[in-house]
Structures are given as structure tokens and as C-alpha cells.
There are 2 protein chains.
Amino acid sequence: MHEFLYKNNQLYCENILVERLAKTYGSPLYVYSYATLVDHFVKLRNAFASLDPLICYSVKANSNLAILKALVNIGAGLDIVSGGELSRALEVGCPAKKIVYASVGKTDQEIAKAINKGILFFNVESLPELVNINRIARGKNKVIKVAIRINPDVEVKTHKFITTGKITNKFGIDLNSAYKILLMRNKFKNVCICGLHIHIGSQITQGAPFVAAIKKVSNFINKISLKGIGLEYLNIGGGMGIIYDNENPQSAQIYANQITPLLKKTGLKIIMEPGRFIVGNAGILITKVLYIKKTPKKKFIIVDAGMNDLIRPALYGAYHNVVPLRKISQTEKADLVGPICESGDFLAKARNIAKVKVGDYLAVMSAGAYGFSMSSNYNSRLRAAEVMVARGKIFVIRKREVARDLMRNELIPGFLSKP
Amino acid sequence: MHEFLYKNNQLYCENILVERLAKTYGSPLYVYSYATLVDHFVKLRNAFASLDPLICYSVKANSNLAILKALVNIGAGLDIVSGGELSRALEVGCPAKKIVYASVGKTDQEIAKAINKGILFFNVESLPELVNINRIARGKNKVIKVAIRINPDVEVKTHKFITTGKITNKFGIDLNSAYKILLMRNKFKNVCICGLHIHIGSQITQGAPFVAAIKKVSNFINKISLKGIGLEYLNIGGGMGIIYDNENPQSAQIYANQITPLLKKTGLKIIMEPGRFIVGNAGILITKVLYIKKTPKKKFIIVDAGMNDLIRPALYGAYHNVVPLRKISQTEKADLVGPICESGDFLAKARNIAKVKVGDYLAVMSAGAYGFSMSSNYNSRLRAAEVMVARGKIFVIRKREVARDLMRNELIPGFLSKP
């Protein structure tokens with residue numbers, strides 16, 4: 001559920017007319033509902049209440065400081081994947097002991113900084129990384145907690161770019177290798193392998209792959225406990241799917257019902273890393289119709305948001321529902337395209353879209369996750385503004401870029417400036 | 001040809017050791033050769049010397065101010081596609097009368113600004129856009145030059161996202177519609193249709209599609225001249241392919257030999273819009289090996305550059321040659337992947353790559369075009385630095401981003417800051 005609903009045929013974000021936001025702040029514009037954001041987090045927490053997990057919101061889904069702060073305020077930890085995300089986590093005052101750090105490519109500087117700040121643990125993706133963290137921790141005379149990311153080799157039905165739990169992916173460590181590492185854990189004097197981590201992919205709508213992965217890792221936990229290896233944490237990652245189109249994802253409660261018994265049996269502290277589930281449907285992208293172009297073959301609705309603002313359709317073939325801010329009963333088949341000079345710049349293809357006219361606004365739904373966070377300045381386009389509606393008020397949480405922002409770090413060599 | 005060559009088994013950019021650049025400025029790092037950049041421009045100019053065309057470099061390929069300034073200094077005009085690119089063009093002192101402006105989605109503000117600055121002309125992509133430019137020009141009591149972008153409906157063998165001259169693409173106006181528009185040109189009192197524009201796609205390695213498109217448009221010019229419609233400009237766009245792998249693209253001279261006779265016959269002033277041809281092989285992306293990860297199925301070379309730095313492999317399945325900065329004779333099949341948390345984050349797949357070790361540097365070749373210009377902050381990664389080698393010296397032309405840059409425009413609402 002989310003708080004983007006029509007009242008009297010006009011789209012509202014909570015109790016605020018979305019068109020008012022578009023007219024005040026311009027377009028393209030990301031709009032977030034604070035109530036929806038909080039609601040999704042609370043639903044997940046309640047569903048898993050009997051486990052009292054640490055819910056580490058996945059910063060990469062949407063890293064805006066206001067989003068992070070809102071979630072941290074209500075008890076979320078943060079799942080980070082880079083030094084930049086660590087800076088963000090610290091900026092919003094997330095307690096370090098609620099930060100977990102994954103990524104196949106952590107640099108020495110990133111590892112050192114995370115150790116210095118005292119994060120809860122690293123999710124370790126390979127033996128060389130474990131060796132490296134051990135080396136850096138030794139240099140600091142510290143013993144650092146890590147969780148081994150297991151690649152459980154389960155099949156997941158999602159886009160090939162966001163399946164991460166197959167053995168052919170770059171992520172995690174296969175069970176055999178993990179077993180060997182755990183048996184030789186005493187070789188690593190400066191790391192404490194305190195947990196296991198799994199994350200099998202993103203936008204997974206069914207429970208079965210999660211159950212399969214958790215069963216595999218549960219069996220593994222039993223196997224190593226027979227060798228006297230005890231753990232403290234089980235990090236089950238994220239990946240819960242949301243509704244973009246006609247998906248029918250399991251609810252937080254059904255998901256919890258499926259896996260809670262399995263998780264309880266492990267006796268470990270559970271960590272979760274939801275991103276899209278929390279923020280995906282808490283945000284929309286507003287765009288204005290610039291031109292209606294009818295060619296002999298097609299109708300194109302040309303809008304002011306492009307693939308630089310939302311790359312999911314181009315990159316993953318992702319579906320986003322598109323609705324007008326003022327309800328229009330008639331629809332017509334059209335391609336919804338942006339101003340960028342490539343054919344890949346589309347938001348919807350051959351879709352029945354409301355018969356809008358120039359100047360009308362459209363909402364691209366479910367754009368809260370992997371929307372702004374993947375945006376770029378391609379075609380020297382200014383990145384969009386972001387606003388949050390909360391408690392009947394409107395807050396600008398990211399100012400629209402200006403041309404100065406584009407060129408801020410650029411320098412023209414002296415020999416080129418003197419003719 | 002380009003100036004990234006091995007000497008004594010080490011990669012140089014002109015006379016500068018690339019490893020020195022990586023060690024001084026860090027990685028990932030974009031490195032450009034000024035000599036190569038200029039050479040490509042001059043080659044094109046010389047090949048077409050008998051036509052004396054206005055060569056408008058396509059800013060979207062690489063919009064760094066230093067690149068633009070270098071080309072403007074030697075006589076290039078600029079092909080822009082947004083208000084942001086107009087700001088850049090003006091920033092480097094490009095004469096307004098050497099700027100042409102294309103894009104299917106020009107906003108009113110962008111059109112007004114371009115008119116105010118006095119650009120040469122707009123490439124107009126649709127009848128509604130023509131109407132709109134006419135309306136805005138009328139408000140300013142001006143008569144504005146435009147070229148009609150013709151969609152010649154020719155087949156081009158390139159990635160579907162970068163073919164732009166088929167009638168099913170969003171670009172340009174079909175010949176029949178263009179004919180009707182020209183016949184009723186007197187209805188538009190505030191625009192002067194002074195030219196035609198074609199641009200059939202990008203990374204096209206053979207001459208045939210260009211010849212086909214130019215023949216179509218030449219016939220069209222003859223047809224309209226019979227109706228007493230005279231033109232001033234023919235803008236033949238860009239799209240010339242370069243060598244990434246084993247392509248064998250036509251040289252500038254062969255391309256010129258093919259089309260010059262056709263172009264001469266039109267009697268029009270020729271405009272060209274090359275981007276990739278000029279800058280594609282004038283830049284490389286340097287990345288450092290972070291981890292070598294061997295799984296039961298694959299070898300992964302994990303480097304510090306990701307899809308946020310270079311999205312072409314993920315978005316287009318593009319091939320970039322990858323070579324070590326220090327020559328290594330042995331190779332091994334591996335996936336070259338970045339630190340980003342998706343399986344789409346790769347630079348090369350199942351490729352025979354030099355047997356590098358941790359800490360070694362690799363050069364991703366041919367990264368000058370659509371490299372940095374498409375980069376993003378995904379995973380809150382800092383965008384790379386860019387350096388240019390010129391005349392034996394090194395110039396930082398873009399400083400590496402810092403964490404402050406990531407959060408610069410973000411604001412946390414007051415109600416979230418007070419607990």
C-alpha cells in the first residue's frame with residue numbers, strides 16, 4: 001500500500017495535491033511519502049517482531065539523507081556498500097553498531113575507515129577479502145567482526161542483472177569454500193567470523209527461493225556447529241519484491257510466516273537488508289508532457305524526464321506504471337520517451353497511456369527505489385529535485401541542480417585558455 | 001590511431017607513463033590524449049576540406065570543458081542537446097553561430113535561452129516543436145533559423161538503443177510530413193526553415209547507410225527546389241564508428257570520398273556532428289585490481305571501476321578492450337567486474353585478460369566517448385577524476401569527487417533532526 005491516491009480525480013501524495021508540487025518545484029521531480037516509507041518499515045518490523053531483527057535499510061536503493069534519517073530515527077540500521085554510503089550513514093547519525101558493509105570490491109581505504117568508525121561487521125565476499133580485512137585490522141591492532149557471505153546457488157526468477165545468488169555471479173562464497181574457511185578461521189587472528197550472510201537477488205516476488213536459501217544456510221550452520229563453530233548473526237539480506245505492474249508479491253507477514261520458524265531454529269540474531277520493499281512504492285517521479293508527436297507508425301509522448309532520471313526501463317526493461325495527475329478516462333497506445341538523444345531513452349513502450357496533452361503532468365509510479373540513486377547527468381541534464389511530504393507539510397530534500405553543479409569540479413588547462 | 005601505446009612494455013599516453021598518472025591521481029581515472037583528440041578532428045577536417053564544413057563536435061559524447069575548449073580553439077562548433085550543454089558551450093567561449101541544437105524534448109526555457117544567445121539554428125524534430133519554436137520566437141519578435149530533422153528510415157547495423165534513423169524511432173520527421181511542412185512554411189512567420197538535418201545513429205562502421213540516407217535527402221532537396229524552396233544548410237549529423245574490438249570502420253578519408261560528391265551537388269553549406277569519432281579513442285579508463293576471486297565456476301578480476309563509471313558494457317553490451325599498464329604475456333579467461341552490488345556491474349565477460357595481480361592497473365580502452373558523460377553516483381560512489389595529457393604536461397581537467405559532493409544539494413527536514 002502507498003499514499004499516492006486519487007481524490008476527486010486528482011493524484012495526492014498523502015493530503016497534498018501532487019500537481020501543486022509539480023507547479024511549485026518544477027519537473028522532473030521525485031516525490032516521496034514519509035507515511036508510506038515509515039509504514040513499510042513498521043510492517044516489516046511487526047511481521048518479524050518475534051525475532052526482533054536488526055533491519056538494516058539498504059542505502060543503495062535510495063540514499064537521500066532525509067530518507068536515511070527518517071528510517072534511522074525509527075530504529076533502522078543501514079546496509080552500506082561503499083565509503084560514500086558510510087559517509088551518508090554517519091551524516092544522519094546512524095549508530096555505527098547498526099551498520100553492516102557488503103560489496104565485492106571494498107578498497108583498503110574503505111575498510112580502514114569502516115573499522116575506524118566501528119561498524120557492526122563486514123559482509124565478506126571472498127577469501128582474498130577476508131585476508132585483506134585481517135591484514136588491515138592487524139595494522140590497527142584490532143579484532144574485527146565479519147560475516148561470510150554465502151552464495152547459496154539458488155535459482156531466482158528476476159532480471160539477470162539483479163540475481164546475485166547463483167554460483168556464476170560474482171557475489172559470495174560457495175558452501176564448500178566457506179566451510180574450509182571456517183575450519184581455518186583461527187589463522188585469521190584479527191577477524192572474528194561471527195555470522196553468515198546471504199542475499200540472493202532483488203525484486204523477488206515469491207517465497208520459495210528465500211526458503212530454499214535459508215534452508216541451505218541452516219543446514220550449513222548445523223554442519224559447522226558439529227565442528228564446534230558457533231556464530232552470533234544470520235544476515236538474510238534483502239530482495240523482497242514489490243508491485244510495479246501485476247506482480248503479486250508475498251506480504252511482509254506471509255514472508256515472515258514462511259521463514260520465521262527456520263530462522264528461530266538457528267538461534268542467531270537475525271539481520272535483514274530491505275531496500276526496495278521499504279522505499280520502492282514510497283516514491284514517484286513526476287514529469288511534464290513537452291510534445292505529442294504522431295509519426296506514421298507511432299504516437300510518442302515526449303516528456304521532460306529521461307533515462308538519466310530513471311534508467312530502470314532502459315537498463316532492465318523494467319515496467320513502471322504511468323498515470324496522469326488529473327485522471328483522464330481515455331487512453332491511447334504510445335511510447336513514453338524522454339528528451340535524451342538515444343532510442344534507449346524511454347519510460348514506457350507501446351503502452352496504453354492516458355490521452356494527455358502538452359503541459360499535463362504524469363506520475364511514473366514505484367520510482368522510490370533505484371530511481372534517483374541511479375540518476376546521472378547524461379546529456380548534461382540537471383539532476384531532478386526531490387521533495388518529501390510528511391505530516392501535511394512539504395520538504396525539499398534535494399535541490400534541483402543548476403548548470404554550475406555540472407561543471408563544478410572541471411578545470412580548463414591554462415594553455416587552452418590563452419589563445 | 002591514438003596515442004596510448006606501449007614503450008618498453010609499459011603503457012604511455014603520449015610521452016607520459018600512464019602508471020604514473022594512476023599513482024599520482026588515483027583510480028578510477030579517465031585519461032585523455034590531447035594530441036589524439038586534435039588529430040581526429042584535423043583528420044576529419046582535412047578529409048572534407050573541399051567542402052569546408054562546419055564541424056560541430058557532439059557535446060554529449062564527452063562534455064568536459066577542457067575537451068570542448070580544445071576543440072573550439074581549433075575551429076570546432078558544437079552540437080548540443082540540452083540547456084546544460086548550452087551552458088557548457090558558452091562557458092568555453094564557443095561562438096553562438098557555431099552552435100546547433102538537437103533534441104526531441106527541448107523545453108520552452110531551453111528554446112528561449114538558445115534564441116537569446118543567438119545560436120546558429122535548431123534541429124527540429126517534430127511539427128509541434130516547430131510550432132512551439134515559432135511561438136517563442138514570436139514572443140521575442142525574432143525570426144529564428146531551423147533545420148528540419150529528416151528521419152530517412154534507413155536500416156543501420158548497430159545497437160538498437162543507438163539507431164535513430166528508422167521510422168519507428170522517436171527522432172526526426174518522415175519525408176512526406178517534412179514535405180508538407182515545407183510547403184506550408186509561410187505559416188510560420190517567426191522561423192526560417194534554412195536546412196535539413198539527418199542523424200541515423202551511432203557507432204556505424206560502414207558507409208552504405210550514410211550514403212543511402214544522404215541520397216534520400218538529396219533527392220528530397222531536388223524535389224523541394226522544384227517547388228521553389230531553397231535551403232542554406234545540410235546537416236549530415238554524426239555516427240561514424242570507431243575501433244573498439246575488431247571493427248574495420250571506414251576512415252575519415254574514405255567516408256569523405258564516398259559522400260563528398262553527393263554533398264557537393266546539393267550546393268549547401270555542410271554541417272557535421274561527430275562525437276565518438278573524435279573523442280572515443282582519445283580517452284581510456286584506468287582501474288586498479290582490488291581482488292582476484294576464483295570460484296568453482298569462474299575467475300573474477302574485481303576492480304575499482306564500476307558500471308557507475310562506465311555503463312556501456314551493462315547498457316549496450318558494449319565491448320571495450322582491456323589491457324594491463326605493464327605488459328603481461330600470460331592471459332586467463334575471467335570476468336572483469338566492478339564493486340557495485342549488481343550482476344550487471346561488469347566491464348568484460350568471459351574474456352582472456354592479462355594475468356594481473358592485486359594492485360596492478362588495467363586500462364579500459366576507447367573510453368573517451370560516452371564514458372564519463374554517462375557516469376553516475378550509483379552506490380554513492382564518487383565520480384572519477386579526469387586528466388588530460390598535452391604537450392608533455394599533465395592537466396587535471398576534473399577533480400575527483402568527495403563525499404561532500406554526493407550530499408551537496410540534500411536537506412534533512414527539521415522535524416527529522418529534532419528527536
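Note on naming: letters A, B, ... go to the chains in the order of the sequence lines (proteins, then strands), and numbering restarts at 1 for each one.
Of the listed residues B/Val59, B/Val303, B/Leu127, B/Asn132, the one with more heavy-atom pairs under 4.5 angstrom with chain A than any other is B/Asn132. Counting heavy-atom pairs closer than 4.5 Å to chain A, the top residue among B/Gly83, B/Ser126, B/Ala314 is B/Ala314. Taking B/Leu68, B/Asn377, B/Val402, B/Asp304 one by one and counting their heavy-atom pairs under 4.5 Å with chain A, the maximum is reached by B/Asn377. Heavy-atom pairs under 4.5 Å with chain A were tallied for B/Thr168, B/Asn151, B/Val72; the largest tally goes to B/Thr168. Per-residue heavy-atom pair counts under 4.5 Å with chain A were compared for B/Arg383, B/Lys294, B/Met307, B/Lys166, and the maximum is reached by B/Arg383. When each of B/Lys399, B/Arg404, B/Lys60 is checked for heavy-atom pairs under 4.5 Å with chain A, B/Lys399 comes out on top.
Salt-bridge formation is detected for the pair A/Lys298/A/Asp335: a Lys NZ or Arg NE/NH1/NH2 atom is positioned less than 4.0 Å from an Asp or Glu carboxylate oxygen. With respect to the salt-bridge test (charged N to carboxylate O, under 4.0 angstrom), the residues B/Arg381 and B/Asp309 qualify. At a threshold of 4.0 Å, the pair A/Arg135-A/Asp108 counts as salt-bridged, since one of the basic side-chain nitrogens sits closer than that to a carboxylate oxygen.
For a residue to count as touching a neighbouring chain, one of its non-hydrogen atoms must lie under 4.5 Å from one of that chain's; by this rule B/Phe372 does not touch chain A. If you measure heavy-atom distances from B/Leu290 to chain A, the contacts under 4.5 Å come from the side chain alone. In this structure, chain A has heavy atoms under 4.5 Å from both the backbone and the side chain of B/Asp345. In this structure, chain A has a heavy atom under 4.5 Å from the side chain of B/Phe395, while its backbone stays farther away. Residue contact with chain A, scored on non-hydrogen atoms closer than 4.5 Å, is absent for B/Leu382. If you measure heavy-atom distances from B/Ser375 to chain A, the contacts under 4.5 Å come from the backbone alone. Interface remark: B/Ile292 contributes backbone atoms only to the contact with chain A (heavy atom separation under 4.5 Å). At a 4.5 Å heavy-atom cutoff, the contact between B/Lys160 and chain A is made by backbone atoms alone.
The cationic group of B/Lys293 does not satisfy the cation-pi geometry with B/Tyr291, failing either the under 6.0 Å distance to the six-membered ring centre or the 45° limit from the ring axis.
Considering NZ of A/Lys106 and OG of A/Ser82, their distance stands at 11.5 Å, rounded to 0.5 Å. Remark: A/Glu85 CD to A/Ser58 OG distance equals 7.0 Å, nearest 0.5 Å.
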